[in-house]
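This report refers to the structure that appears directly beneath it.
Just so we're on the same page: letters track the sequence lines, and every chain starts at 1.
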Amino acid sequence: MIRKLSLFYDANQVISSMSNQFARQLSLTSFPPNSQNLNSLCSNGQLREALVEMAVQGLEMKFEGYYTLLNECVNRRAFREGQRVHAHMTKTCYLPPMHLRTRLIVFYNNCECLNDAQRVLDEMPVRNVVSWTAMISAYSKRGYASEALNLFLQMLRSGTEPNEFTFATVLTSCSGAWGFDLGRQIHSLIIKTKFESHIFVGSSLLDMYAKAGRIYEARGVFDCLPERDVVSCTAIISGYAQLGLDEEALELFRLLQREGMTSNYVTYASVLTALSGLAALDLGRQVHNHVLRRELPSYVVLQNSLIDMYSKCGNLSYSRRIFDSMPERTVISWNAMLVGYSKHGMGKEVVKLFKLMKEENKVRPDSVTFLAVLSGCSHGGMEDRGLEYFYAMAEGENGIEPELEHYGCVVDLLGRAGRVEEAFEFIKKMRFEPTAAIWGSLLGACRVHSNVEIGEFVGFRLLHIEPENAGNYVILSNLYASAGRWEDVRNVRELMVEKAVIKEPGRSWIELDQILHTFHASDRSHPRREEVSAKVKELSVKLKEAGYVPDLGCVLYDVDEEQKEKVLLGHSEKMALAFGLIATPEGVPVRVIKNLRICVDCHNFAKFVSKIYGREVSLRDKNRFHHIVGGTCSCGDYW
DNA sequence: TTAGGGTTAG
């Protein structure tokens with residue numbers, strides 16, 4: 001019957017229309033093998049059988065057969081099979097045309113064999129823009145930015161003109177230090193070759209500017225695009241979010257939505273990053289509902305964003321619920337959850353979850369995992385456990401070499417435990433040059449544990465490395481004040497005036513019914529400012545009766561004591577806290593967010609508020625959460 | 001035949 005059919009029908013049509021098993025029997029027994037035959041087998045999903053025919057039966061192959069097989073190997077990421085196809089070409093002395101060699105580059109790229117891909121390119125007698133671009137893309141996708149850029153330069157030198165594919169690809173490798181300079185030059189070339197308004201090139205270009213922190217240039221490119229799509233809109237929104245310009249990101253998202261932008265899971269992940277920064281829980285929930293309605297929750301990236309958003313908004317149990325319900329987790333899912341526990345000072349949970357991660361053994365911890373674990377131990381008051389992890393890491397137990405940031409965590413760990421001298425010795429022995437962040441961490445420890453001797457050394461070192469950072473002057477001055485060295489306090493202040501150091505303006509906010517109420521120090525712009533000021537004054541009187549003493553050491557201005565107290569009462573977090581007390585019913589927890597590290601006086605103020613008013617105060621500063629209940633803070637007064 | 005945006009980080 002089969003043979004009969006073959007008389008009337010094209011053999012390949014017959015094979016294509018039959019079941020896999022039937023087709024296999026048919027092709028291996030009934031017909032002489034040829035390239036079209038292979039095509040049919042591949043379309044039936046029988047790659048192996050096609051290869052058997054090719055190799056065992058010594059089939060003479062031509063372009064079409066090789067191309068079919070290779071395509072199948074690319075689609076399936078079948079590394080071994082693809083290698084056999086390539087080997088067959090060499091063995092039979094077949095010289096593949098440019099088209100096929102380019103496909104080989106793509107195949108090796110898909111199988112993460114960049115050396116093989118490069119070899120194919122090197123052996124090409126003639127290359128065109130497509131083969132160059134395929135190889136540039138291979139490097140940039142695997143994170144080899146300098147190789148990608150070098151290859152692009154080689155391509156230009158060879159006289160090959162880049163096209164829109166090349167520009168869109170090469171710009172993704174321009175985010176590094178020297179990449180950006182080259183990126184600007186590439187931008188000139190793009191203008192010259194009139195590819196600037198191409199949507200793929202444009203979104204790659206604006207992303208390059210955004211990643212270099214040049215958001216105005218990025219916006220300029222975006223505004224000039226003749227058309228927009230979901231990728232270009234997401235690129236500009238995430239550009240703002242990644243730079244911490246959260247309100248701008250949110251505003252643009254709303255604007256583009258009104259203009260009819262479509263969103264996908266990447267857009268929502270970027271918006272959630274902005275909402276995490278703002279700690280806007282109500283808005284975050286709204287996005288979550290939207291994601292659920294659009295049936296997008298199966299995207300791991302989106303779930304990771306949700307874990308992060310809920311934890312940064314203070315709602316860790318939601319984060320954990322999402323984490324537990326995930327069918328698959330990446331290392332970022334684990335890291336986001338660990339960072340969540342760490343920022344909330346829950347050291348025991350960090351250790352427990354890390355143990356679970358190791359027991360499950362599905363995902364390998366990376367360097368961020370260890371940062372989260374070490375800082376979790378530090379914030380959670382588990383110094384010894386943290387040190388154990390670090391030394392195990394340093395001995396190569398986990399296959400991850402400790403980096404500068406991990407050393408920074410250890411300085412933090414030792415400093416918190418009051419082991420200031422040990423932390424100092426540790427820094428001296430480090431294989432890295434200590435950065436301002438490391439010295440800053442030690443200076444903080446010196447302030448908390450009143451170690452003026454080391455603190456003075458570290459402070460001056462820090463003022464030398466980072467003279468523009470006002471925070472260092474503040475801590476050093478606090479340290480002198482705690483030791484009663486008023487003359488030195490004055491000197492630090494004078495130095496600050498001399499260097500014309502500008503303090504980053506403090507800003508605190510509170511979210512009520514999806515609206516963010518923001519307060520700046522001595523700000524008069526809020527519609528209920530009179531009420532808020534009156535409330536702060538009332539609080540000051542009540543708290544003083546209960547034992548609150550304003551910490552005047554927190555004020556750097558050289559003014560009299562009464563003025564200093566006024567300055568302290570004008571701090572933004574006190575206004576936000578007072579507004580929270582006025583605007584929410586009694587007994588409801590108040591959640592305040594601050595852009596900088598909270599000052600000692602405001603921390604103490606919040607502790608008294610929680611005790612006197614019976615309110616739970618959750619305060620998120622630049623570094624971590626402070627959960628204040630009944631006058632006690634989860635940070636143990638060290639932050 | 002080649003292409004752009006994304007999640008964690010003391």
What's [X] touching, base or sugar-phosphate or nothing? Going by heavy atoms closer than 4.0 Å.
X        : result
A/Ser232 : base
A/Ser203 : base
A/Asp412 : nothing
A/Ser441 : nothing
A/Leu306 : nothing
A/Tyr67  : sugar-phosphate
A/Val230 : base
A/Glu164 : base
A/Thr273 : sugar-phosphate
A/Glu403 : nothing
A/His406 : nothing
A/Asp366 : nothing
A/Val368 : base

May I ask you to check whether A/Phe370 and A/Phe354 place their ring centres under 6.0 Å from each other?
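Between A/Phe354 and A/Phe370, the centre distance is under 6.0 Å.
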Under 6.0 Å between ring centres, would you say that holds for A/Phe390 and A/His406?
no
How are the rings of A/Phe195 and A/His198 set to each other: parallel, tilted or perpendicular (split at 30° and 60°)?
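Plane angle over 60°, so perpendicular.
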The test is side chain to side chain donor-acceptor pair (under 3.5 Å); show your working for A/Asn264 and A/Thr267 and say whether it passes.
CA-CA 5 Å; A/Asn264 64 14; A/Thr267 324; 3.1 Å; yes
Along DNA chain B, first and last positions that approach a heavy atom of chain A under 4.0 Å:
B/dT1 to B/dG10
Using the side-chain contact (heavy atoms from CB on, under 4.5 Å) rule, pick out the option among A/Lys141, A/Glu147, A/Arg142 that qualifies with A/Leu114.
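Of the listed options, the one satisfying the test is A/Arg142.
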Excluding sequence neighbours, so at least two apart, what forms ring-ring contact (aromatic ring centres under 6.0 Å, His included) with A/Phe152?
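ring-ring contact (aromatic ring centres under 6.0 Å, His included) check on A/Phe152 returns nothing, list empty.
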Electrostatic pair A/Glu328:A/Lys362 at N-O distance under 4.0 angstrom
no
